[in-house]
Amino acid sequence: MSARANSDPLAPFHPAVRDWSHASFDGPTTPQTRGWPAIARGESTLILAPTGSGKTLTAFLWCLHRLMFTPAPSKSRRCRVLYISPLKALAVDVERNLRAPLAGIARVAADRGDEFRAPSIAIRTGDTPAQDRARFLRDPADILITTPESLYLLLTSNARDTLRGIDTVIIDEIHALVPTKRGAHLALSLERLTARCDGPPQRIGLSATQRPLDEVARFLGGATVS
């Protein structure tokens, strides 16, 4: 994140997003003030901030802005945002917590008379029923919430072609993955995903306890091709 805070971190967002944010919160938190400008520029960004400081919204708000107020891609490129959680329970919580900003921004946009599209969300974990997996294959969601293990299975199944349009990858609790075998496995999956996508996805890492920070940053940045 840039060391300098943007005087108006919400400036790049659609007016409906700005209006919803102003009505819902006293103001942006520090990670939002410093993170949103970098994320809006398309830079891969590591958010290190305490629990309760709005890290998840920091990562997702620009994604919601793009999904709701920019033209929809073709069906084969519809899934554009991938959220990876090390815990199934966290994945479910994030899906539930996204409902409020989605509904709130949609309501403000409707009141303003703005055109928008309500993004769809799918969860893929080991607990996902077969019919839901088949539905995603037929009709990919805009946002896919998954775990490292399920991402690996997606990349080795017929569903891998639904991931070609991914342009943003959000890795939550990244500190829990970096020093482990799961982290090494995820790093490989991310490189496989990048090779399959139309372009290298923007990567956003979230954690309250990233140590050592430079090692976490290297993990988030991925492989470097010389």
Side-chain angles (χ1 to χ4, degrees), residues 13 17 20-21 24-25 28-32 35-36 39-40 44-68 78-107 117-129 132-133 135-136 140-155 159 162-163 165-178 180 182-183 186 189-190 193 201-210 216 219-220:
F13 291 88
V17 179
W20 170 80
S21 182
S24 301
F25 306 103
T29 63
T30 298
Q32 293 166 354
W36 280 334
I39 292 171
S44 288
T45 306
L46 190 57
I47 305 293
L48 170 60
T51 300
S53 59
K55 292 190 299 297
T56 303
L57 190 61
T58 303
F60 269 108
L61 194 62
W62 184 253
C63 298
L64 301 184
H65 153 88
R66 291 188 302 104
L67 294 174
M68 297 181 76
R78 181 178 175 184
C79 187
R80 289 187 278 171
V81 178
L82 177 67
Y83 169 90
I84 302 170
S85 165
L87 302 172
K88 294 179 185 178
L90 180 58
V92 174
D93 285 345
V94 166
E95 189 274 337
R96 183 172 57 247
N97 292 338
L98 282 176
R99 296 175 191 170
L102 279 171
I105 296 168
R107 183 169 55 253
R117 188 172 64 90
S120 58
I121 305 173
I123 297 179
R124 177 68 179 266
T125 71
D127 297 332
T128 302
D132 290 346
R133 300 183 188 193
R135 184 183 305 113
F136 180 81
D142 299 281
I143 300 170
L144 177 61
I145 296 173
T146 190
T147 61
E149 291 75 20
S150 290
L151 175 60
Y152 170 79
L153 294 175
L154 281 164
L155 288 167
T162 65
L163 306 180
I166 294 290
D167 57 28
T168 305
V169 177
I170 300 169
I171 308 171
D172 209 346
E173 301 293 342
I174 190 172
H175 68 278
L177 295 167
V178 172
T180 67
R182 292 182 78 202
L186 175 60
S189 292
L190 290 173
L193 173 68
Q202 178 184 29
R203 300 186 185 191
I204 303 172
L206 307 177
S207 176
T209 57
Q210 301 174 41
V216 178
F219 178 89
L220 182 67

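Computed from a predicted model, the values in this text were never measured in an experiment. We use all heavy atoms of the structure for the numbers below, so side chains are in, but hydrogens, waters and symmetry mates are not.
Shown here for Ser189 and Leu155, the closest heavy-atom pair between the two residues is O-CD1, 3.3 Å. Pro201 and Val169 get closest at one heavy-atom pair: CB-CG2, 3.9 Å. Of all heavy-atom pairs spanning Ala91 and Tyr83, the tightest one is CA-CE2, 4.4 Å. Residue Arg135 comes nearest to Asp132 through the heavy atom pair NH1-OD1, 2.6 Å, listed as atom of the first residue, atom of the second, then distance. Closest approach of Ser120 to Pro140, counting heavy atoms only: OG-O, 4.4 Å. Of all non-hydrogen atoms in Glu95 and Ile121, the two that sit nearest each other are CG-CG2, 3.8 Å.
A distance of 15.5 Å separates NE2 of His65 from CZ of Phe60, quoted to the nearest 0.5 Å. Between the CG atom in Asp172 and the OG atom in Ser207 there is a gap of 8.0 Å [rounded to 0.5 Å]. Between Gln202 atom CD and Trp62 atom CH2 the span is 9.5 Å, to the nearest 0.5 Å. Between atom CD1 of residue Ile204 and atom CD1 of residue Ile84 there is a gap of 11.5 Å, rounded to the nearest 0.5 Å. The CG atom of Leu98 sits 8.5 Å away from atom CG of Leu57, with the distance rounded to the nearest 0.5 Å. Expressed to the nearest 0.5 Å, how far OG1 of Thr45 lies from CD1 of Ile170 amounts to 10.5 Å.
Between the side chain of Ser150 and the main chain of Thr147, no donor-acceptor pair closer than 3.5 Å is present. No donor-acceptor pair closer than 3.5 Å links the side chain of Arg124 to the backbone N or O of Leu154.
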*Kindly determine whether His175 and Glu173 satisfy side-chain contact (heavy atoms from CB on, under 4.5 Å), including the steps that lead there.*
CA-CA 5 Å; His175 68 278; Glu173 301 293 342; 2.8 Å; yes

*May I have the step-by-step check of side-chain contact (heavy atoms from CB on, under 4.5 Å) for Gln32 and Leu61, ending in yes or no?*
CA-CA 10 Å; Gln32 293 166 354; Leu61 194 62; over 6 Å; no

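In this structure, Leu46 and Phe219 have side chains that are not in contact, with every pair of non-hydrogen atoms separated by 4.5 Å or more. At a threshold of 4.5 Å between non-hydrogen side-chain atoms, the residues Leu206 and Thr58 do not count as touching. Side-chain contact between Thr56 and Asn97 is absent, with no heavy-atom pair separated by less than 4.5 Å. Leu48 places none of its side-chain heavy atoms less than 4.5 Å from the side chain of Val216. Two residues are said to be in side-chain contact when any heavy atoms from C-beta on lie closer than 4.5 Å; Pro119 and Leu102 meet this criterion. Using a 4.5 Å heavy-atom threshold, the side chains of Thr128 and Phe136 count as separate. Two residues are said to be in side-chain contact when any heavy atoms from C-beta on lie closer than 4.5 Å; Arg96 and Val92 meet this criterion. The shortest distance between side-chain heavy atoms of Met68 and Val17 does not fall below 4.5 Å.
Shown are Val81, Leu144, Leu82; of these, the side chain to side chain contact (heavy atoms under 4.5 Å, CB included) with Ile166 is made only by Leu82.
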